[in-house]
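Quick notes on the structure that follows.
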2 protein chains.
Amino acid sequence: MSRQQTQQKIMDAAESLFAETGFNDTSLRQITSRAEVNLAAVNYHFGSKKELIQAVLQRYLQVVMPRLNEEFERLLARQRANQLMDVLAVFVRPLLELNEVKPQGTTLFLQLLGRGYTDTQGHLRRFISQHYGSVLNKFVLLVQQSCPRLDAAEIFWRLHFSLGTIVFTMASSEALFDIAEADFDEQPDIEGVIRRLLPYLAAGISAITIQPEQLDTITDASS
Amino acid sequence: MSRQQTQQKIMDAAESLFAETGFNDTSLRQITSRAEVNLAAVNYHFGSKKELIQAVLQRYLQVVMPRLNEEFERLLARQRANQLMDVLAVFVRPLLELNEVKPQGTTLFLQLLGRGYTDTQGHLRRFISQHYGSVLNKFVLLVQQSCPRLDAAEIFWRLHFSLGTIVFTMASSEALFDIAEADFDEQPDIEGVIRRLLPYLAAGISAITIQPEQLDTITDASS
DNA sequence: GTACATTTCAAACGTACGTTTGAAACTGGA
DNA sequence: TCCAGTTTCAAACGTACGTTTGAAATGTAC
């Protein structure tokens with residue numbers, strides 16, 4: 001079997017298991033057994049489990065990140081500020097194109113991204129911000145331009161709120177899909193979820209800032 | 001040492017470690033060592049690690065859930081539908097009262113809740129919905145009443161989006177606090193984050209629903 | 001076909017985990 | 001004081017993990 005074949009079999013088996021169970025709760029023995037390769041193959045081909053995790057994510061990141069970078073640059077080159085919804089919508093196409101990389105690619109990638117942030121995998125956060133920090137900074141800049149009302153701190157928090165929404169939804173998407181199917185007769189797919197996500201995120205990010213006094217008023221009024 | 005003292009020392013040590021590192025990545029040896037009790041004490045007093053996790057959460061749930069239940073009942077008894085913001089604001093006071101149960105109680109509880117949903121701890125989700133499902137159903141009903149425009153499926157998704165925001169923010173709140181402090185000279189506390197969260201969540205949940213055609217328009221327009 | 005490098009394989013390594021055990025140390029009431 | 005009941009303790013158990021090892025198998029170039 002060629003070097004590439006083995007590596008690919010390992011990464012294919014690993015990514016689905018990682019997406020289902022998380023990184024820490026997936027063992028190399030599960031991975032190599034599903035991939036039908038020897039246990040030692042992971043360490044031989046990737047060095048360590050940590051490096052395998054990075055390789056699995058890198059396979060998608062190296063496709064989607066240059067695409068996002070293009071889109072961000074294009075929006076930044078415009079004369080006037082973009083609508084927030086337009087900035088967010090930029091993600092849709094590159095993400096859905098991951099389905100051409102491999103079947104279920106979009107779902108897998110987003111689930112993996114979710115695991116990367118919820119599992120204790122500090123090295124993954126570092127890996128991403130080291131390799132793609134400049135791309136993500138362009139996105140933040142675009143959001144700032146589209147929401148001039150909001151100061152940097154507010155945008156920082158709201159973007160992390162949004163990251164939480166995405167990451168949590170994708171990490172538990174399997175369970176959510178099951179419930180949606182059982183309770184609402186939906187046949188939800190990843191595109192449907194993204195469609196539901198965008199207006200939610202856009203409204204949240206551009207929400208009117210509340211003053212402390214106002215919040216107290218509301219809290220008091222209901223007591 | 002009395003039964004209660006030991007159990008409390010274990011739960012105190014466990015909850016902070018769980019909040020920092022997650023359930024699966026915190027070992028009984030770390031817990032008993034920090035609590036200065038024997039390793040076997042956890043199994044003697046709680047039966048198993050799983051039951052310790054539930055006990056740690058239960059300590060907060062049994063305080064906050066009856067309070068929330070009261071508030072929900074009160075809002076449900078009103079003649080006309082409540083504002084969404086009022087419904088959400090109901091959480092603020094009961095959550096902040098957890099700081100009186102013990103120092104940092106609010107933060108700890110929300111972090112633990114976050115871990116419960118992001119770690120692979122299916123038993124916790126089951127535990128909560130078994131014990132407090134009826135309370136949470138009242139909340140869903142209140143949201144539905146305050147957003148008559150939205151159908152049940154849309155509310156289902158948006159409430160889970162919101163859950164993701166809360167859970168993710170709290171699970172990584174330590175890191176977020178550090179960044180906010182370094183980059184924006186904030187001294188963020190849990191109350192400040194809640195203050196930032198409410199308008200974001202309210203705006204997201206009550207966002208205007210987008211039609212598929214409109215989304216395509218936006219996606220196309222930006223290409 | 002031989003010599004070399006690459007890849008696979010079964011086995012073992014050391015470590016860490018949750019849990020169990022049985023004896024020792026306590027406790028409070030008769 | 002004694003004793004039953006409770007709680008602590010050090011030690012061990014069995015299991016699973018990521019990684020390493022060295023020999024066997026496979027592939028490749030001449």
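The chains referred to below are lettered A, B, ... by the order of the sequence lines, with proteins before strands, and numbering in each begins at 1.
Considering only side-chain N and O atoms, B:T6 lies nowhere under 4.0 angstrom from the phosphate OP1 or OP2 of D:dT7. Considering only side-chain N and O atoms, B:H45 lies under 4.0 angstrom from the phosphate OP1 or OP2 of D:dT8.
Taking the centre of each ring, A:H123 and A:F127 stay at or above the 6.0 Å mark. Close placement of the B:F72 and B:F91 rings is indicated, their centers lying within 6.0 Å of each other.
Atom CD in A:Q5 sits roughly 15 Å away from atom P in D:dT26 (whole-Å rounding). Atom CD1 in B:I31 sits about 11 Å away from atom P in C:dC17, given to the nearest Å.
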Check the pair B:Y200 / A:S162 against side-chain hydrogen bond (donor to acceptor under 3.5 Å, both in side chains), numbers first and verdict last. CA-CA 9 Å; B:Y200 177 92; A:S162 304; 2.7 Å; yes

Residues A:N24, B:N24; criterion side-chain hydrogen bond (donor to acceptor under 3.5 Å, both in side chains); working and verdict: CA-CA 9 Å; A:N24 292 336; B:N24 292 335; over 6 Å; no

Where do N or O atoms of nucleotides 18-22 of chain C meet protein N or O atoms at under 3.5 Å, pair by pair?
residue : atom : partner : partner atom : Å
C:dG18  : OP1  : B:K49   : NZ           : 2.7
C:dG18  : OP2  : B:L28   : N            : 2.8
C:dG18  : N7   : B:R29   : NH1          : 2.8
C:dG18  : O6   : B:R29   : NH2          : 2.9
C:dT19  : OP2  : B:N43   : OD1          : 3.2
C:dT19  : OP2  : B:K49   : N            : 3.0

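Within the structure, salt bridge (charged side-chain N to carboxylate O under 4.0 Å, His left out) pairs that include any residue of residues 178-187 of chain A comprise A:E186-A:R196 (at least two apart or interchain).
In this structure, B:F18 and B:L57 have side chains that are not in contact, with every pair of non-hydrogen atoms separated by 4.5 Å or more.
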